[in-house]
Amino acid sequence: MPELPEVETIRRDLAPLVSGRTIVRVDVDQATLPLLAGPAVDIEALRSSLSGRAVSTLDRRGKYLLFRLDDGRTLVAHLRMTGRLVWRCPADPPEPYQRAVLGFDDGHELRWCDLRKFGTWKLVDDDEELATKLGPEPMEGEFALAAFRRSLQGRKAAIKSVLLDQKSVAGLGNIYVDEALFRARIRPDTPAGELAEGPIKRLFAAVREVLEQGIQHRGASFRDYVDGQGHTGEQHMHVQVFRRTGKPCYVCTTPIERIIVGQRSTHYCPRCQKSGRRRRGGTSAR
DNA sequence: CGTTACCTGAAA
DNA sequence: TTTCAGGTAACG
């Protein structure tokens with residue numbers, strides 16, 4: 001569920017709360033543990049790794065949250081489709097689908113909730129593995145037009161699929177890819193390698209713009225997403241195309257269409273969004 | 001590269 | 001009853 005703006009909102013909420021605090025309790029639902037931490041990890045191993053550890057900082061890489069521990073290791077957490085992380089007092093009523101709890105030395109607890117149990121925790125010694133499977137951070141200086149252009153070059157796959165690939169850009173998901181392609185006026189099913197320079201430049205800018213807007217609105221709460229305090233975001237009220245099938249385009253009033261691209265539900269305006277291909281071939285004029 | 005699986009529920 | 005869901009990993 002959460003994409004970069006949602007994960008970043010959670011990170012900003014939780015960072016000041018967990019930084020410098022020590023983990024004093026680790027509870028994980030028995031049935032959830034093997035799915036969460038992998039079949040090889042038992043609760044005692046997890047407890048001995050986390051209990052007594054202080055969290056130095058809370059970072060983010062793509063859609064991953066990184067709890068930096070005082071022993072140099074990192075707890076890498078991914079919320080996948082339905083994960084939530086909320087900061088509570090022990091006396092607060094239990095969250096729906098609460099699967100794990102980290103208790104801190106100030107008496108608060110961080111509650112991990114996950115309806116579908118797709119979320120993951122992994123303890124690592126360094127960020128090497130993440131570095132190999134993730135592309136550039138789109139909100140940082142390392143995200144450069146030249147590298148972005150190169151990542152599209154020669155690829156036959158639909159531009160939407162290439163943007164969803166975390167090796168192209170880290171942190172984009174189904175919502176923000178559809179929104180970025182609308183903003184760049186590009187049809188989602190255009191082969192990535194056929195995009196002309198103009199559309200590539202527009203898309204490069206649009207990726208940052210839609211993510212920035214998502215962060216400003218504290219994430220999109222279409223279904224399960226809530227921030228670190230359990231509150232919904234606002235971005236779902238500001239989307240241009242995502243899940244607006246049949247509703248009028250805000251630019252041209254043409255009904256938004258829904259198609260399947262790379263097995264994913266895809267929303268676009270058939271009038272505003274063109275193929276954006278290089279030179280001839282029924283494109284920019286259409 | 002596309003397809004399938006992981007899990008649970010809400011909506012059509 | 002069937003389909004769909006904001007993600008990824010493991011397949012062929």
Side-chain angles (χ1 to χ4, degrees), chain A residues 1-10 28-40 60-65 76-85 95-100 112-122 129-130 132-135 151-152 154-182 188-189 191-193 207 210-211 213-215 217-227 232-246 258-267:
Chain A
M1 121 221 196
E3 306 178 28
L4 187 152
E6 288 75 34
V7 179
E8 177 62 15
T9 300
I10 292 170
V28 184
D29 172 69
Q30 188 94 85
T32 304
L33 182 61
L35 298 167
L36 181 66
R60 179 190 56 74
R61 181 77 173 87
K63 301 172 193 171
Y64 293 85
L65 279 169
V76 180
H78 197 301
L79 299 158
R80 294 289 184 96
M81 296 287 269
T82 56
R84 296 176 165 189
L85 263 178
E95 311 299 313
Y97 309 106
Q98 186 171 312
R99 313 288 188 193
W112 176 271
C113 313
D114 189 1
L115 187 158
R116 293 174 76 179
K117 303 180 190 169
F118 286 171
T120 57
W121 287 8
K122 190 172 185 184
E129 193 187 316
L130 277 188
T132 64
K133 61 181 176 189
L134 296 182
S151 70
L152 309 184
R155 299 201 53 178
K156 286 183 163 179
I159 182 59
K160 162 142 186 178
S161 302
V162 172
L163 292 177
L164 283 174
D165 181 349
Q166 300 298 294
K167 293 204 78 164
S168 308
V169 181
L172 287 174
N174 215 25
I175 300 175
Y176 294 94
V177 164
D178 281 6
E179 294 298 305
L181 288 168
F182 174 79
D189 53 359
V207 164
V210 299
L211 293 174
Q213 194 195 33
I215 292 170
H217 289 134
R218 301 187 56 79
S221 295
F222 281 97
R223 206 190 190 99
D224 303 291
Y225 163 74
V226 291
D227 65 21
T232 57
E234 303 278 314
Q235 176 60 18
H236 55 288
M237 320 242 235
H238 300 271
V239 293
Q240 304 292 296
V241 290
F242 187 77
R243 292 202 195 167
R244 293 197 63 247
T245 311
R258 176 180 176 274
I259 57 175
I260 301 297
V261 177
Q263 337 286 116
R264 307 299 299 279
S265 191
T266 299
H267 315 77

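Letters A, B, ... mirror the listed sequences (proteins, then strands); counts begin at 1. Worth knowing before you read on, the calculation uses all heavy atoms, side chains too, and leaves out hydrogens, waters and symmetry mates.
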Once each nucleotide of nucleotides 7-12 of chain C is scored for protein heavy atoms under 4.0 Å, what B/S/- sequence comes out, 5' to 3'?
BBS---

Using side-chain contact (heavy atoms from CB on, under 4.5 Å), reason through A/L79 and A/D114 one step at a time and then give a plain yes or no.
CA-CA 8 Å; A/L79 299 158; A/D114 189 1; over 6 Å; no

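Atom CG of A/D224 is separated from atom C1' of C/dC4 by 13 Å (rounded to the nearest Å). The interatomic distance linking A/R84 (CZ) with B/dT8 (P) rounds to 17 Å, in whole Å. Across the protein-nucleic acid pair, A/H236 atom NE2 and C/dA5 atom P stand 17 Å apart, rounded to whole Å.
Between the side chains of A/R258 and A/S265, at least one donor N or O sits under 3.5 Å from an acceptor N or O. Using a 3.5 Å distance cut-off with no hydrogens or angles, the side chains of A/E6 and A/Y176 do pair a donor with an acceptor. When only modelled atom types and interatomic distance are considered, A/H217 and A/Q235 share a side-chain donor-acceptor pair under 3.5 Å.
For A/R84 (side chain) and A/V226 (main-chain N/O), no donor-acceptor pair under 3.5 Å exists by modelled atom type. Between the side chain of A/E179 and the backbone N or O of A/V239, no donor-acceptor pair lies under 3.5 Å. A donor-acceptor pair under 3.5 Å is formed between the side chain of A/T82 and the backbone N or O of A/R116. Formation of a donor-acceptor pair under 3.5 Å by the A/Q166 side chain with backbone atoms of A/G62 is not found in this model. Checked by atom type and distance alone, the side chain of A/S221 pairs as donor or acceptor with a backbone atom of A/G233 at under 3.5 Å. Between the side chain of A/R99 and the backbone N or O of A/L33 there is no donor-acceptor pair closer than 3.5 Å. Side-chain N or O atoms of A/S168 include none that pairs as donor or acceptor with a backbone N or O of A/S151 at under 3.5 Å.
Neither OP1 nor OP2 of B/dT8 sits under 4.0 Å from any side-chain N or O of A/T82.
Judged as a salt bridge (Lys or Arg N to Asp or Glu O under 4.0 Å), and not counting sequence neighbours, the contacts of A/D227 are A/R218. Residues passing the salt bridge (Lys or Arg N to Asp or Glu O under 4.0 Å) test with A/E129 are A/K122, A/K133, sequence neighbours excluded.
As rounded to the nearest Å, B/dC6 and C/dT1 have C1' atoms that lie 22 Å from one another. C/dT8 and B/dG9 are spaced 23 Å apart, taking the P atom of each and rounding to whole Å.
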Using nucleotides 9-12 of chain B, report all nitrogen or oxygen pairs with the protein that are shorter than 3.5 Å.
unit_1, atom_1, unit_2, atom_2, d
B/dA10, O4', A/R223, NH2, 3.2

I'd like a table of atom pairs between the protein and nucleotides 1-3 of chain B - only N or O on both sides, under 3.5 Å - with the distance next to each one.
unit_1, atom_1, unit_2, atom_2, d
B/dT3, OP2, A/Q263, OE1, 2.5
B/dT3, OP2, A/Q263, NE2, 3.4

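Counting only Watson-Crick and G-U wobble pairs whose two distances sit under 3.5 Å, DNA chain B takes part in these stems of three or more pairs: B:1-6 with C:7-12, B:8-12 with C:1-5.
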